[in-house]
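Beneath this line is the structure, given in structure tokens, with notes to follow.
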Number of protein chains: 2
Amino acid sequence: MATGRTHRPATRSRGIPEATVARLPLYLRALTALSERSVPTVSSEELAAAAGVNSAKLRKDFSYLGSYGTRGVGYDVEYLVYQISRELGLTQDWPVAIVGIGNLGAALANYGGFASRGFRVAALIDADPAMAGTPVAGIAVQHTDDLDRIISDNGVSIGVITTPPGAAQQVCDRLVAAGVTSILNFAPTVLSVPDGVDVRKVDLSIELQILAFHEQRKAGEEAAADGRTAVDPDTEEAPPMRATPAGRKGPDGDMPAVMPA
Amino acid sequence: MATGRTHRPATRSRGIPEATVARLPLYLRALTALSERSVPTVSSEELAAAAGVNSAKLRKDFSYLGSYGTRGVGYDVEYLVYQISRELGLTQDWPVAIVGIGNLGAALANYGGFASRGFRVAALIDADPAMAGTPVAGIAVQHTDDLDRIISDNGVSIGVITTPPGAAQQVCDRLVAAGVTSILNFAPTVLSVPDGVDVRKVDLSIELQILAFHEQRKAGEEAAADGRTAVDPDTEEAPPMRATPAGRKGPDGDMPAVMPA
DNA sequence: CTATCTTTGTGCACGCGTTCACAAAGACAT
DNA sequence: ATGTCTTTGTGAACGCGTGCACAAAGATAG
């Protein structure tokens with residue numbers, strides 16, 4: 001830039017769209033790969049392809065961070081890596097606590113991708129007294145009773161919940177009370193938290209159900225296109241009408257057969 | 001290639017918005033809980049609260065499925081459970097194959113929430129010959145060489161990828177070639193697939209980075225509100241200017257120090 | 001049957017995010 | 001210096017999703 005404009009356009013900094021924030025890690029990953037291959041610069045077109053997004057979208061996203069590109073050339077890889085890292089807050093250390101060391105919790109503790117970007121598994125917490133002291137991924141599991149102290153002592157502000165659904169809200173409350181203000185929830189439960197606390201949820205079951213919806217739709221369309229009997233759910237109707245006013249579902253649990261008058 | 005076609009107006013079927021589809025599993029979960037408590041009917045207000053959404057949004061979502069409520073009363077729980085299950089395609093069996101039986105893959109195989117809704121782990125596949133035959137979650141792991149046959153024999157149309165990032169695209173290609181049309185990707189990679197194949201990604205690292213962004217922002221605002229030195233990233237500037245035109249990042253891997261003229 | 005009360009279903013307006021399309025900016029060659 | 005060529009940065013239009021607010025529908029009571 002001619003005038004070396006490194007200053008924010010006033011209130012612009014607070015206005016990074018959420019959708020853009022969600023894509024920054026994607027760009028960062030692609031840029032890191034380029035960096036490792038010692039590629040000095042990339043065009044928006046190339047980077048967009050690597051990140052799997054539209055190039056116009058990418059340019060607009062970067063424009064929110066400031067103008068870090070050079071027209072006619074592209075973006076400097078190393079510089080962008082730094083800028084995005086800084087914007088995402090990855091230049092600092094983020095101690096993370098995982099609560100609920102079952103199959104999933106243990107897998108996450110062992111997951112390499114975790115530590116790779118400034119996130120450090122600072123503590124593993126479980127409600128089972130028998131697990132206390134057991135090392136998982138090289139870290140001794142601690143008991144829930146000490147949750148408060150553990151969070152405080154380690155300065156944890158990001159908590160990961162991998163408990164059974166029944167315990168999630170309670171654990172969440174305790175984490176928040178202890179000072180955690182960001183939560184990544186793997187339990188299939190809707191967590192309620194006070195203002196100022198961010199919750200992001202990862203739900204395998206929901207993802208699969210969304211895929212199933214599209215899968216079913218594809219199957220229906222395909223059958224229709226083949227001239228065969230459509231399997232389209234809207235055509236297939238024949239829903240279960242009322243059985244008995246007090247009818248309950250069977251022990252199976254998922255195939256009801258009741259409907260109001 | 002990725003340019004794809006433009007003649008796909010998002011959701012084409014009976015016009016159920018994608019955002020609505022993503023919420024249906026949420027409603028279903030809340031409804032199932034009510035069903036287990038033998039609650040006969042719910043109002044949109046109650047159900048919305050249980051699902052953590054706005055009641056108007058919920059009503060509008062349901063309106064896309066048809067009018068299944070009764071004014072002045074609410075919705076019949078059992079009936080709604082069935083309607084949503086049917087719409088999502090959960091009344092049928094979905095055999096799922098998990099490829100990459102490491103920490104995460106094994107955890108998923110053991111995850112109970114998987115089988116709970118019509119999804120059945122039909123096969124576990126791994127590239128390590130030493131794992132072949134080893135039972136995980138009661139299922140013998142099979143070798144990647146037989147991927148094609150395994151998918152076909154079990155009629156798998158949904159695949160879950162939990163391999164290291166380097167192998168993900170290759171595994172994806174093989175799954176698609178074998179007939180899989182829906183993929184749930186846990187590997188931190190952008191998968192490219194032909195039209196007609198749906199991919200959903202679950203990325204722990206990205207979720208954490210998004211949380212870190214907001215966490216950093218909160219910390220900055222709080223500091224500013226306290227009248228102390230702001231930690232606002234845009235104020236903190238002092239970016240790394242050019243080092244040497246050929247300067248590369250250190251072995252550490254994340255703190256570059258280069259910038260173009 | 002009429003009146004009142006509850007709750008659904010939806011028309012409408014608004015805001016966010018995406019995409020197009022192009023002018024401006026800079027590199028590079030002559 | 002001038003011209004050409006490449007690529008960024010962004011104004012503007014568009015479409016989707018959200019939430020308000022209310023009329024219509026039905027239950028319920030008298």
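Keep in mind that this is a model prediction, so the values were computed, not measured. Below, read A as the first sequence line, B as the second, and so on, with proteins coming before strands; counting in each chain starts at 1.
In this model, the phosphate group of D/dC20 is approached by a side-chain N or O of B/Asn54 to a distance below 4.0 Å at OP1 or OP2.
Using modelled atom types, one finds a donor on one side chain and an acceptor on the other under 3.5 Å when comparing A/Asp61 with A/Thr20. A donor-acceptor pair shorter than 3.5 Å cannot be found between the side chains of A/Glu36 and A/Thr32.
Whole-Å rounding puts the B/Ile16 CD1 to D/dG17 P distance at 12 Å. Between the P atom of C/dG17 and the CG atom of A/Asp61 lies a distance of 10 Å, rounded to the nearest Å. Regarding B/Lys57, its NZ atom lies at a distance of 17 Å from the C1' atom of D/dA21, rounded to whole Å. In this entry the distance linking CG of A/Leu65 with P of D/dG9 reads 10 Å, nearest Å.
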Each nucleotide N or O in nucleotides 6-9 of chain C that has a protein N or O under 3.5 Å away: list the pair and distance.
| from | atom 1 | to | atom 2 | distance (Å) |
| --- | --- | --- | --- | --- |
| C/dT7 | O4' | B/Gly72 | N | 3.0 |
| C/dT8 | OP1 | B/Ser44 | N | 2.5 |
| C/dT8 | OP2 | B/Ser44 | OG | 2.6 |
| C/dT8 | O2 | B/Arg71 | NH1 | 2.8 |
| C/dG9 | OP1 | B/Gly69 | N | 3.2 |
| C/dG9 | OP2 | B/Tyr75 | OH | 2.7 |
| C/dG9 | O4' | B/Arg71 | NH2 | 2.9 |
| C/dG9 | N7 | B/Arg59 | NE | 2.9 |
| C/dG9 | O6 | B/Arg59 | NH2 | 3.2 |

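Scored by the side-chain contact (heavy atoms from CB on, under 4.5 Å) test, A/Gln170 finds no partners at all (sequence neighbours excluded).
Remark: A/Arg29 engages B/Asp203 in a salt bridge, criterion side-chain N to carboxylate O under 4.0 Å.
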Acceptor/donor pairs from residues 50-58 of chain B side chains to any protein atom, 3.5 angstrom cut, sequence neighbours excluded:
| from | atom 1 | to | atom 2 | distance (Å) |
| --- | --- | --- | --- | --- |
| B/Asn54 | OD1 | B/Ala56 | N | 2.6 |
| B/Asn54 | OD1 | B/Lys57 | N | 3.3 |
| B/Ser55 | OG | B/Glu45 | OE1 | 3.4 |

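The CG atom of A/Leu80 lies 10.5 Å from the CG atom of A/Leu34; values are rounded to the nearest 0.5 Å.
Not a single donor-acceptor pair, N or O on each side, falls under 3.5 Å between the base of C/dT18 and the side chain of A/Lys60.
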